[in-house]
Amino acid sequence: MKTPDTPLWEVFLQNKQGAPHEHAGSVHASDAEMALQNARDVFTRRGHPVSIWVVPAIQVHASNPDDAHSLFDPADDKLYRHPSFYSVPRGVRDV
Amino acid sequence: MHDDVANESRFQERIDSGEKIEPRDWMPERFRHQLIRMISQHAHSEIVGMLPEGNWITRAPSLRRKMALLAKVQDEAGHGLYLYSAAETLGVSREDLIDQLLDGSAKYSSIFNYPTLTWADVGVIGWLVDGAAIVNQTMLAKSSYGPYARANLRICKEENFHKKQGFEIVATLAAGTTEQRSMVQDAVDRWWWPSLMMFGPHDNDSPNTAELMRWGVKRRSNDDLRQHFVNITIPQAKAVGITIPDPELRYNEESGDWEFGAIDWDEFYRVIKGNGPCNAERMKARRSAHDDGRWVREAAAAYASRDTVAAEE
Ligand SMILES: [Fe+2]
Ligand SMILES: [Fe+2]
């Protein structure tokens, strides 16, 4: 008999107070409560994470790698978005 | 057709320049296929690998040893889950992979088809089997497929304790009574050669190696990894007075390698084909664990769908 599918969840961990949540991996679970428990067992056996997020994997929408050029390249030629683009008179400090 | 050729050369360029391939990137069908095969075999090995050691949890000689062994076996379950997730990013389902293990069509590392006869086996497995796995997984943590590399990196961070707790058991027994010393030597005699076989056939007999190395999935060949493992292990054996069961073992001053005797590949293929001492027992244990867990999966699914059912009524 074929094993029935169980939904996939993406797991995000906040590894210390004040740090951002980062993707750690994924787990299978039938609901959010079980996903949190599984994420705790699978990804937090060591260290002291302070928080876990679980998100249904089907709710994650990713950009297409083929679009990477059109999405991200325009940032390359906008040097005026960086402080090094601008000049200030010699000797002026803390600008 | 022309597109495929262009895509393939672009793909190889990315790999040669050290870029990681991610799940949504273009990849040759054969790359996808080979990775699914390799990652799922690795996952199955972690899961089946819990059985020989799990066998000793209730009989560990002290609470300290029992805590360590429980934690190690639990880590191996985690390793299996990291790896199944990595395989799933290539478009296979977890449930299909598990069904392939249970129906016998998938392979797992043949090292786990050997029995754990005494407590010393638990120590020797941690030392040699996890030791060999670390050599392999350290290389795989640099693999060109992003999710597989990341899973192996996470695994490597946990493996060092596995090897160290095993070596502590070996060292303790090796410094013990005559009976304890002969027990640990006997375990090394049985596990040494199967541990060397964990790296797979010689490079000349390994049809997949060249391709996997060209794709950067593997960074070092089977023979290269095996030699490295022998080189680091011999001094450890000497330090605790363990004899390696290989009369041809000798140090080559020029190469700095420990040269070793011929591996019995007939035995290797016999065990892979299903005729090792514990193949049937391992599969039986996995199948009954899966069957015994069916009611849990069904109850969880029913509980999760309760709102939908209530709304429909
Ligand atoms: Fe492992
Ligand atoms: Fe391990």
Side-chain angles (χ1 to χ4, degrees), chain A residues 1-16 19-49 52-73 76, chain B residues 7 10 14 19 21-27 70-72 74-89 93-103 146-147 150-151 153-155 157-158 160-161 287 290-291 293-294 296-308:
Chain A
M1 190 178 109
K2 200 196 168 306
T3 304
D5 289 355
T6 309
L8 184 69
W9 302 73
E10 297 302 334
V11 178
F12 298 81
L13 289 186
Q14 185 183 25
N15 278 313
K16 54 176 188 280
H21 284 71
E22 278 179 12
H23 186 243
S26 21
V27 292
H28 282 258
S30 52
D31 61 15
E33 189 186 347
M34 186 192 263
L36 278 172
Q37 283 170 356
N38 289 353
R40 172 198 170 271
D41 289 345
V42 176
F43 294 106
T44 71
R45 290 192 302 282
R46 287 174 183 76
H48 301 277
I52 306 175
W53 291 348
V54 289
V55 181
I58 52 163
Q59 299 292 352
V60 176
H61 299 273
S63 62
N64 187 331
D66 294 340
D67 298 339
H69 283 297
S70 56
L71 287 174
F72 310 124
D73 284 3
D76 283 354
Chain B
N7 279 336
R10 169 85 191 100
R14 292 189 61 198
E19 278 182 48
I21 306 301
E22 295 296 338
R24 293 165 60 90
D25 294 345
W26 186 91
M27 62 186 84
L70 258 174
K72 177 190 189 290
Q74 194 190 19
D75 276 353
E76 305 301 3
H79 297 175
L81 299 181
Y82 306 155
L83 291 162
Y84 282 129
S85 297
E88 284 172 272
T89 63
S93 86
R94 169 87 52 110
E95 292 76 10
D96 284 347
L97 295 177
I98 289 172
D99 287 345
Q100 286 164 16
L101 173 66
L102 298 176
D103 72 20
R150 291 190 286 275
L153 193 64
R154 197 171 267 283
I155 288 172
K157 288 184 186 160
E158 303 183 337
N160 288 344
F161 129 70
R287 288 190 190 115
H290 192 71
D291 289 344
R294 172 165 295 132
V296 179
R297 292 189 294 276
E298 286 171 358
Y303 184 72
S305 64
R306 69 199 181 283
D307 294 337
T308 336

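Letters A, B, ... are given to chains in the order of the sequence lines, protein chains preceding strands, and every chain is numbered from 1.
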The criterion is salt bridge (Lys or Arg N to Asp or Glu O under 4.0 Å); which residues satisfy it with A/E10, sequence neighbours excluded?
none
B/Q74 versus chain A, the contacting section by heavy-atom distance below 4.5 Å
both
For chain A, find which of B/S305, B/S93, B/S85 contributes the most heavy-atom pairs closer than 4.5 angstrom.
B/S85
Just so I understand: if I count every heavy-atom pair under 4.5 Å between each of A/A57, A/P7, A/S26 and chain B, which residue has the most?
A/S26
Pick whichever of B/E95, B/K157, B/R154, B/R150 has the most heavy-atom pairs under 4.5 Å with chain A.
B/E95
Rounded to the nearest 0.5 Å, what's the gap from CZ on B/R24 to CG on A/D66? Could you check?
9.0 Å
Honestly, the part of B/Y84 sitting under 4.5 Å from a heavy atom of chain A is neither
Under 4.5 Å heavy-atom distance to chain A, tell me which part of B/A300 shows up: side chain, backbone, both or neither.
both
Part of A/A29 within contact of chain B (heavy atom distance under 4.5 Å):
neither
Contacting moiety of A/A68, where chain B heavy atoms sit under 4.5 Å
neither
Sequence neighbours left out, what pairs pass side chain to side chain donor-acceptor pair (under 3.5 Å) with at least one residue falling in residues 34-45 of chain A?
A/R45-B/D75, A/R45-B/Y82, A/R45-B/E158
In this structure, CZ of B/R297 is separated from CG of A/D5 (nearest 0.5 Å) by 11.5 Å
